[in-house]
*Asks:* 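My structure is below; once you've seen it, I'll send some questions.
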Amino acid sequence: MATIIDGKAIAAQVRERIKKDTQRLLSLSGIVPGLAVILVGNDPASKIYVRNKKSACEDVGFKSFEYLLPPETPEAVLVDLIEKLNKDPEVHGILCQLPLPKHIDEKSVIQAISPLKDVDAFHPVNVGKIMTGEYSFLPCTPAGVMELITSTGIEVEGKKCVVVGRSNIVGKPMAMLLLHSNGTVTICHSKTPDLKKECLEADILVVATGRAKMITGDMVKPGAVVIDVGMDRDENGRLCGDVDFEEVSKVAGYITPVPGGVGPMTIAMLMKNTYTAAKLTVVK
Ligand code: NAP
């Protein structure tokens with residue numbers, strides 16, 4: 001039976017560290033990290049994410065600034081707000097909750113955020129830095145996954161790593177971080193001819209497809225580390241991952257649950273990036 005990687009507990013440790021670092025930053029420089037979160041529209045899931053981010057900020061001692069804009073907000077108004085926040089010295093991180101309404105071009109909005117305040121690390125400048133390994137911010141979900149892998153004590157170096165999914169926010173940066181840690185990395189996607197064969201070779205398997213329970217027990221190498229990024233609904237409407245936990249936990253060496261695995265780490269890494277952004281204003 002696999003050891004369960006407790007994302008909630010590991011995220012709590014990360015947040016505790018950030019809380020202490022924040023107090024030290026305040027006493028040394030008088031700076032309190034500030035995160036601005038913008039939500040356009042009324043998407044219920046996005047509202048929950050924004051609320052969770054606000055309470056995480058309060059927990060670690062950050063200032064949080066919330067901007068709830070109506071769904072019909074013109075793109076120019078949103079970009080204006082971002083430009084104001086780019087200049088606001090109390091704001092160190094800016095996050096625009098995705099997805100945005102259809103009339104707003106996501107790319108233009110991401111590019112309007114100053115790369116120095118881009119705590120999601122979605123701006124092309126930060127994406128480029130991830131490729132070269134010279135980054136200040138890492139995208140929160142892949143960064144959280146790396147911490148979860150580290151927590152197992154298993155070295156990435158020399159391991160065969162398989163990432164299933166190639167999105168810009170999870171799959172691609174995930175593969176790059178594993179590569180920077182000297183893993184031998186394969187990226188799979190919906191056009192991969194024999195997914196089972198690829199997955200069976202993985203010592204470390206990271207799955208981010210948005211397809212409920214698609215990774216089954218017969219697709220996993222015995223003893224592998226299995227990280228499930230998915231946040232899906234099963235046939236009964238219950239939250240589940242991309243990995244069939246019941247089957248795979250009998251084969252894997254380590255496995256993340258859903259919920260309580262990658263999700264809490266994503267928010268912890270957002271706090272870490274915001275702290276880093278604030279600290280960089282002192283170091284500059
Ligand atoms: P996405 O943009 O929809 O990308 C999904 C990827 O999975 C695509 O690259 C797609 O391949 C691949 N894929 C889909 N079906 C596949 C199949 N049958 N076999 C192999 N590959 C397949 O999704 P995302 O934004 O990366 O998110 C993935 C999941 O992670 C979602 O459930 C999302 O909710 C969750 N998520 C969780 C967190 C968290 O904090 N826990 C954060 C972000 C995302 P193609 O490119 O060929 O289409």
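In each ligand, atom 1 is the first atom listed, and ligand 1 is the first ligand listed. What you are looking at is a predicted structure, and each value in this text was computed from that prediction instead of being measured.
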*Asks:* Is the closest protein non-hydrogen atom to atom 15 (N) of ligand 1 under 4.0 Å?
*Replies:*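 Neighbour list for atom 15 (N) of ligand 1 includes protein heavy atoms (cut-off 4.0 Å).
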*Asks:* Quick check: do S181 and M146 have side-chain heavy atoms less than 4.5 Å from each other?
*Replies:*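 The answer is yes; the side chains approach within 4.5 Å.
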*Asks:* Which residue supplies the protein heavy atom nearest to atom 23 (O) of ligand 1, what is that atom called, and how far is it?
*Replies:*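 Closest protein heavy atom to atom 23 (O) of ligand 1: S167 CB, 4.4 Å.
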*Asks:* Just checking, is any N or O donor in the side chain of Q97 or K47 under 3.5 Å from an acceptor N or O on the other one?
*Replies:*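 Judged by distance alone, the side chains do not pair up.
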*Asks:* Return yes if some donor-acceptor pair links the side-chain N/O of D120 with the main-chain N/O of L95 below 3.5 Å, else return no.
*Replies:*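 No.
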*Asks:* Around atom 8 (C) of ligand 1, find the nearest protein heavy atom and jot down its residue, atom name and distance.
*Replies:*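 Checking every protein heavy atom, the shortest distance to atom 8 (C) of ligand 1 gives R166 N, 4.0 Å.
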*Asks:* Among the clusters formed by ILVMFWY side chains lying less than 4.5 Å apart, do L26 and I18 turn up in the same one?
*Replies:*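 No, separate clusters.
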*Asks:* Would you say A208 touches ligand 1, if touching means a heavy atom closer than 4.0 Å?
*Replies:*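 Distance cut 4.0 Å: A208 passes for ligand 1.
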*Asks:* To which protein heavy atom is atom 36 (N) of ligand 1 closest, and what is the distance rounded to 0.1 Å?
*Replies:*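 For this ligand atom, the closest protein heavy atom is V229 O, 3.6 Å.
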*Asks:* Look only at the side chain of N273 and the backbone of L138, and say whether a donor-acceptor pair between them is shorter than 3.5 Å.
*Replies:*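 Answer holds: yes.
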*Asks:* Regarding T216 and D244, is there a side-chain donor-to-acceptor distance under 3.5 Å anywhere?
*Replies:*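 Not at all, the side chains of T216 and D244 share no donor-acceptor pair under 3.5 Å.
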*Asks:* Tell me, which protein residue and heavy-atom name are nearest atom 40 (O) of ligand 1, and how many Å apart are they?
*Replies:*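 The closest one turns out to be T266 OG1, 2.8 Å.
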*Asks:* How close do A277 and V119 get, counting heavy atoms only, and between which atoms?
*Replies:*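 The pair with the smallest heavy-atom distance is CB-CG1, 4.3 Å.
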*Asks:* Which heavy atom of the protein is the closest neighbour of atom 42 (C) of ligand 1, given with residue, atom name and distance?
*Replies:*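 Protein heavy atom at minimum distance: T141 OG1, 3.2 Å.
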*Asks:* At what distance is the nearest protein heavy atom to atom 17 (C) of ligand 1, and which residue and atom is it?
*Replies:*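 Checking every protein heavy atom, the shortest distance to atom 17 (C) of ligand 1 gives M214 CE, 3.7 Å.
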*Asks:* Could you tell me, atom by atom, which parts of ligand 1 come under 4.0 Å of a heavy atom of G263?
*Replies:*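 Reading through ligand 1 atom by atom, the close ones are 40 (O), 41 (N).
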*Asks:* Does a side-chain heavy-atom distance below 4.5 Å link L39 with Y67?
*Replies:*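 A side-chain contact is absent here, since even the closest heavy-atom pair is not under 4.5 Å.
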*Asks:* Should M176 and H180 count as side-chain neighbours, where that means a heavy-atom distance under 4.5 Å?
*Replies:*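 Yes, their side chains come closer than 4.5 Å.
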*Asks:* Just to be sure I'm reading this right: ignoring hydrogens, which of V207, T256, T209 gets closest to atom 13 (N) of ligand 1? Compare them by their nearest heavy atoms.
*Replies:*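 The residue whose heavy atom sits nearest atom 13 (N) of ligand 1 is T209.
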*Asks:* So, does C188 sit close enough to ligand 1 that a heavy atom of it is under 4.0 Å from the ligand?
*Replies:*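 Contact check C188 vs ligand 1: negative.
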*Asks:* If we set the cut-off at 4.0 Å for heavy atoms, which region of V170 has an atom near ligand 1: side chain, backbone, both, or neither?
*Replies:*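 Near ligand 1, V170 shows its side chain, while the N, CA, C and O stay back.
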*Asks:* So for atom CD, which belongs to E155, do other residues, nucleotides or ligands contribute more than 12 heavy atoms lying within a distance under 6.0 Å?
*Replies:*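 Atom CD in E155 is not packed in, count stays at 12 or less.
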*Asks:* At a 4.0 Å threshold, what atoms of ligand 1 neighbour a non-hydrogen atom of D232?
*Replies:*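 What qualifies from ligand 1 is 32 (O).
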*Asks:* Of the protein's non-hydrogen atoms, which lies at the shortest distance from atom 33 (C) of ligand 1, and what is that distance?
*Replies:*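 For atom 33 (C) of ligand 1, the nearest protein heavy atom is M231 N, 4.2 Å.
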*Asks:* Which of the atoms of ligand 1 are close to G210, meaning less than 4.0 Å from one of its heavy atoms?
*Replies:*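 Heavy-atom distances to G210 below 4.0 Å select 28 (C), 29 (C), 31 (C), 32 (O).
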*Asks:* Closest by any non-hydrogen atom to atom 25 (O) of ligand 1: pick that one out of I169, L98, I215, V163.
*Replies:*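 Looking at heavy atoms only, I169 sits closest to atom 25 (O) of ligand 1.
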*Asks:* Decide, yes or no, whether a salt bridge links D232 with R211 under the criterion of side-chain N to carboxylate O below 4.0 Å.
*Replies:*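 No salt bridge links D232 with R211.
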*Asks:* Please list the nearest protein heavy atom to atom 11 (O) of ligand 1 with its residue and the distance rounded to 0.1 Å.
*Replies:*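 Answer, as residue, atom name and distance: S190 N, 3.2 Å.
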